[in-house]
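For reference, the structure is listed below as structure tokens.
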Amino acid sequence: MFGEQKVSYSGVQPSGNLTIGNYLGAIRNFSEYSEKYKTFYCVVDSHAITVRQVPVELRRRTYETLALYMACGLDPEKNTLYVQSMVHEHAELAWILNCFTMFGELSRMTQFKDKSARHADNINAGLFTYPVLMAADILLYQTDVVPVGIDQKQHVELCRDIAERINQLYPGTFTVPEPIVSKSGMKIMSLAEPTKKMSKSDENTNAVVYILDDRDTIIRKFKRAVTDSGAEVRFDPEEKPGVSNLMSIYSCFSGKSLEEIEREFAGKGYGDFKLAVGEVTADALAPVQKKFYELLADKAALEAQMKKGAEEASWYARRTLSKVQKKLGFLQVR
Ligand code: TRP
């Protein structure tokens with residue numbers, strides 16, 4: 001809670017290649033949050049450098065990520081959209097929180113264990129304290145809810161532990177946030193292995209449909225999607241995971257119910273069905289893509305947006321940071 005307002009906060013990695021799974025499972029519903037909460041969406045470039053980045057690409061993806069979220073419907077008038085490194089309070093609070101986070105706690109983080117196995121040549125301290133910077137992101141805004149994917153739930157729980165620990169020592173410092181993990185009903189599966197979640201980092205790009213894939217690519221990927229034996233378009237995630245996943249996608253993009261879809265394709269083969277899924281997906285993404293390229297073409301406007309977002313965010317961040325500094329005993333001589 002910040003004053004009278006309930007706060008929702010989420011961070012997004014600066015990678016341009018979001019999938020239809022990200023879109024349907026999360027981004028498309030973001031605008032609903034702004035009705036109920038004061039909402040912050042942060043492009044987390046400081047988190048990104050925990051693994052090696054190529055500077056020109058990081059820059060490009062920072063613009064792209066902001067543009068893509070705006071193109072997906074996040075209205076900068078109703079949500080605070082900004083870039084993490086432009087609000088220096090994140091780094092400052094992260095240092096303080098580091099001093100209230102235990103080595104053992106960080107060692108238990110699943111993502112740290114996975115990432116250090118994948119980047120064995122670069123197990124840097126930032127990778128280890130990644131969740132502390134994330135906790136700083138969240139706590140700076142006195143956040144009530146954090147919409148995240150299931151893989152980030154453990155980090156939000158650690159953030160709660162840190163907040164509670166500090167509140168014990170210095171009562172009333174932080175709002176303790178709750179993670180909100182999007183319902184599994186919206187979980188979109190890989191087109192190649194439909195029992196696995198669609199993941200933007202999948203090496204098989206045919207398994208994944210990106211929001212920015214062009215129409216022909218989208219249709220081709222759905223044509224190649226793995227279906228199941230039999231020929232019936234019927235929703236049965238146990239027996240027919242491939243077809244059921246395509247039905248969910250079709251349903252999400254067309255607004256038709258699963259029963260309507262079963263009726264529509266009764267007596268038709270998988271070929272017709274897969275083409276229809278491709279077409280409906282391409283049609284739904286076309287306006288998002290158009291908007292994205294328009295926004296990206298105007299770098300100055302995006303930069304103005306980043307500036308405005310950073311100013312808004314700083315207002316909140318500064319207040320929390322100075323409250324924390326006071327509680328800890330730092331002098332406030334200005
Ligand atoms: N770690 C998150 C991810 O990889 C991104 C993130 C950074 C975040 N800071 C956050 C998410 C704060 C929610 C709240 O997806």
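Remember, it's 1-based here, ligands and their atoms both numbered in the order they're listed. The shown structure was predicted, so the numbers you read here are calculated from the model rather than taken from an experiment. Just the heavy atoms: all of them, side chains too, but no hydrogens, waters or symmetry mates, feed the values below.
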Can you name the atoms of ligand 1, numbered from 1 with element, that are less than 4.0 Å from a heavy atom of [X]?
{"X": "Tyr9", "result": "12 (C), 14 (C)"}
{"X": "Gln13", "result": "4 (O)"}
{"X": "Val146", "result": "13 (C), 14 (C)"}
{"X": "Tyr130", "result": "1 (N), 2 (C), 3 (C), 4 (O)"}

Counting only heavy atoms, which portion of [X] has something under 4.0 Å from ligand 1: side chain, backbone, both, or neither?
{"X": "Val148", "answer": "side chain"}
{"X": "Leu133", "answer": "neither"}
{"X": "Gln152", "answer": "side chain"}

Query raised in the report: Thinking salt bridges, do Lys290 and Glu294 make one under a 4.0 Å N-O criterion?
Result: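 Salt bridge between Lys290 and Glu294, a charged N being under 4.0 Å from a carboxylate O: yes.
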Requested in this report: Decide, yes or no, whether a salt bridge links Lys308 with Glu312 under the criterion of side-chain N to carboxylate O below 4.0 Å.
Outcome: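 Answer for the salt bridge query: yes.
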Requested in this report: Please work out which of Pro179, Cys159, Gly11 has its closest non-hydrogen atom nearest to atom 13 (C) of ligand 1.
Outcome: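 Result: the heavy atom closest to atom 13 (C) of ligand 1 is in Gly11.
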Requested in this report: Classify the angle between the aromatic ring planes of Tyr9 and Tyr141 as parallel (below 30°), tilted (30 to 60°) or perpendicular (above 60°).
Outcome: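 Tyr9 vs Tyr141 ring planes: parallel.
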Requested in this report: May I ask you to decide if the ring planes of Tyr250 and Phe265 are parallel, tilted or perpendicular, using 30° and 60° as cut-offs?
Outcome: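 The arrangement is perpendicular - the two ring planes meet at more than 60°.
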**Report entry** Steps toward salt bridge (Lys or Arg N to Asp or Glu O under 4.0 Å) verdict (Lys299, Glu303)
**Finding:** CA-CA 6 Å; Lys299 290 265 159 63; Glu303 285 170 7; over 6 Å; no
Report task. Nearest 0.5 Å please: distance from the OG atom of Ser244 over to the CD1 atom of Ile249. Result ->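 Atom-to-atom, Ser244:OG and Ile249:CD1 are 11.0 Å apart.
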Query raised in the report: Which pairs, with at least one residue in residues 98-124 and sequence neighbours excluded, count as a salt bridge (charged side-chain N to carboxylate O under 4.0 Å, His left out)?
Result: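 Only Glu105-Arg165 qualify under salt bridge (charged side-chain N to carboxylate O under 4.0 Å, His left out).
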Query - Nearest-neighbour protein heavy atom for atom 9 (N) of ligand 1, which is reported as residue plus atom name and distance - result: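 Answer for atom 9 (N) of ligand 1: Asp137 OD2, 2.7 Å.
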